[in-house]
**Student:** 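Take a look at this one; I'll ask things after.
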Amino acid sequence: MTEQTEPVVLVTGGAKRVGAAIVKRLHREGWRVAIHYRASASEADALAAALNAVRAGSAVTLQADLLDTSALAALIERCVTSFGRLDALINNASTFYPTAMDALTEQDWSTLIGSNLKAPLFLSQAAAPRLRKTHGCIVNITDIHTERPMPGYVIYNVAKAGLRGLTLALARDLAPDVRVNAVAPGPIEWPDDGQIGEAERARILRHVPLQREGGVDQIAEAVKYLVCDAAFVTGQTINVDGGRSIAI
């Protein structure tokens, strides 16, 4: 495809929830969007169809299992084949479930570290040559629990803390051509698998100074700022958490 001037973003896990909100927000800014998904084909296709109805040829879907490191370079090249360039990578895809110390396994480590840390690293490596050409950026979606570890989520906490460290390391190594930042959500949207019940939700919100959930659009706005408006910002993490990270 002939390269066009409209910028291009690849959002991993872009079919649903936070990822879909990011896709829609950047699309409204005039970006072309590559919506990565692993198993959510129907949601990804529906989102792309809706966006293409607004602006023809502005959205594609790309399937990949991010735990398969050998497939990550091909994912980047499929995005570039579709749109001719790459200007931003949003490492949003994540796996989240508890791992108590007396029950965690090596498979849990492979899954949680793989999706939350290993995949962002190697996808960023694959994207870096393309992003250097466009003086683009990377935004990692981390978690405020890199600072306040959740009991019973040992491996997830470690993985997201690693992703925060990766943000700092890549910001140094990819400068001056590529900016790298992160957004750390707090209580934005509850998991849709029911693993956090009503009582636990109420307990969490009691520790949030703003006393409410944020909603996925708040994450999308922070990502939009870092991608579109923050030309002199790199190596930073924005906590979007209603003040949870400063509460006792």
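Numbers here simply count residues along the sequence, with the first being 1.
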**Student:** Are the side chains of L86 and L10 in touch, meaning some heavy atoms are under 4.5 Å apart?
**Tutor:** yes
**Student:** Does L117 reach the side chain of L121, with side-chain heavy atoms less than 4.5 Å apart?
**Tutor:** no
**Student:** With a 4.5 Å heavy-atom cut-off, do R130 and V80 have their side chains touching?
**Tutor:**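 Counting from C-beta outward, R130 and V80 do come under 4.5 Å.
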**Student:** Please check this pair: side chain of R85 against backbone of L131, looking for a donor-acceptor N/O pair closer than 3.5 Å.
**Tutor:**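 Answer holds: no.
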**Student:** Kindly indicate whether the side chain of R164, heavy atoms from C-beta on, has any atom under 4.5 Å from the side chain of D143.
**Tutor:**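 Contact flag for R164/D143 side chains = no.
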**Student:** Is the Y156 ring parallel, tilted or perpendicular to the F96 ring (thresholds 30°, 60°)?
**Tutor:** perpendicular
**Student:** State whether a side-chain donor-acceptor pair under 3.5 Å links D108 with T105.
**Tutor:**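 Result is yes, a qualifying pair exists.
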**Student:** Please report the shortest heavy-atom distance between L66 and A119, naming the atom on each side.
**Tutor:** O-CB, 3.6 Å
**Student:** Which atom names give the shortest non-hydrogen contact between R78 and Q63, and what distance separates them?
**Tutor:** NH1-O, 2.9 Å
**Student:** Using a 6.0 Å cut-off, check whether atom NZ of K118 has over 12 heavy atoms from anything other than its own residue.
**Tutor:** no
**Student:** Using the side-chain hydrogen bond (donor to acceptor under 3.5 Å, both in side chains) rule, take N140 and T167 through it: C-alpha gap first, then chi angles, then the decisive distance, then the call.
**Tutor:** CA-CA 7 Å; N140 296 319; T167 300; 2.9 Å; yes
**Student:** Side chains of L62 and Y37: closer than 4.5 Å at any heavy-atom pair?
**Tutor:**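 Sidechains of Y37 and L62: no contact.
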**Student:** If we only count heavy atoms from C-beta on, is the D87 to V9 side-chain gap below 4.5 Å?
**Tutor:** no
**Student:** Side chains of S245 and N239 only: does a donor on one sit below 3.5 Å from an acceptor on the other?
**Tutor:**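 Side chains of S245 and N239: pair found under 3.5 Å.
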**Student:** Got L104 and I155 here, is their nearest side-chain heavy-atom distance under 4.5 Å?
**Tutor:** yes
**Student:** If you define the side chain from C-beta out and look only at heavy atoms, does anything of I90 sit under 4.5 Å from V223?
**Tutor:** yes
**Student:** Show the numbers, then the answer: is there a side chain to side chain contact (heavy atoms under 4.5 Å, CB included) between T237 and V183?
**Tutor:** CA-CA 5 Å; T237 296; V183 175; over 6 Å; no
**Student:** Evaluate the side-chain hydrogen bond (donor to acceptor under 3.5 Å, both in side chains) criterion for residues E77 and T81: first the C-alpha distance (whole Å), next the side-chain angles of each, then the deciding distance (0.1 Å), finally the verdict.
**Tutor:** CA-CA 6 Å; E77 291 312 306; T81 297; 5.5 Å; no
**Student:** Between V23 and G14, what is the shortest heavy-atom contact and its length?
**Tutor:** CG2-O, 3.7 Å
**Student:** Test salt bridge (Lys or Arg N to Asp or Glu O under 4.0 Å) on R25 and D217 and set out the steps.
**Tutor:** CA-CA 8 Å; R25 185 65 186 88; D217 289 344; over 6 Å; no
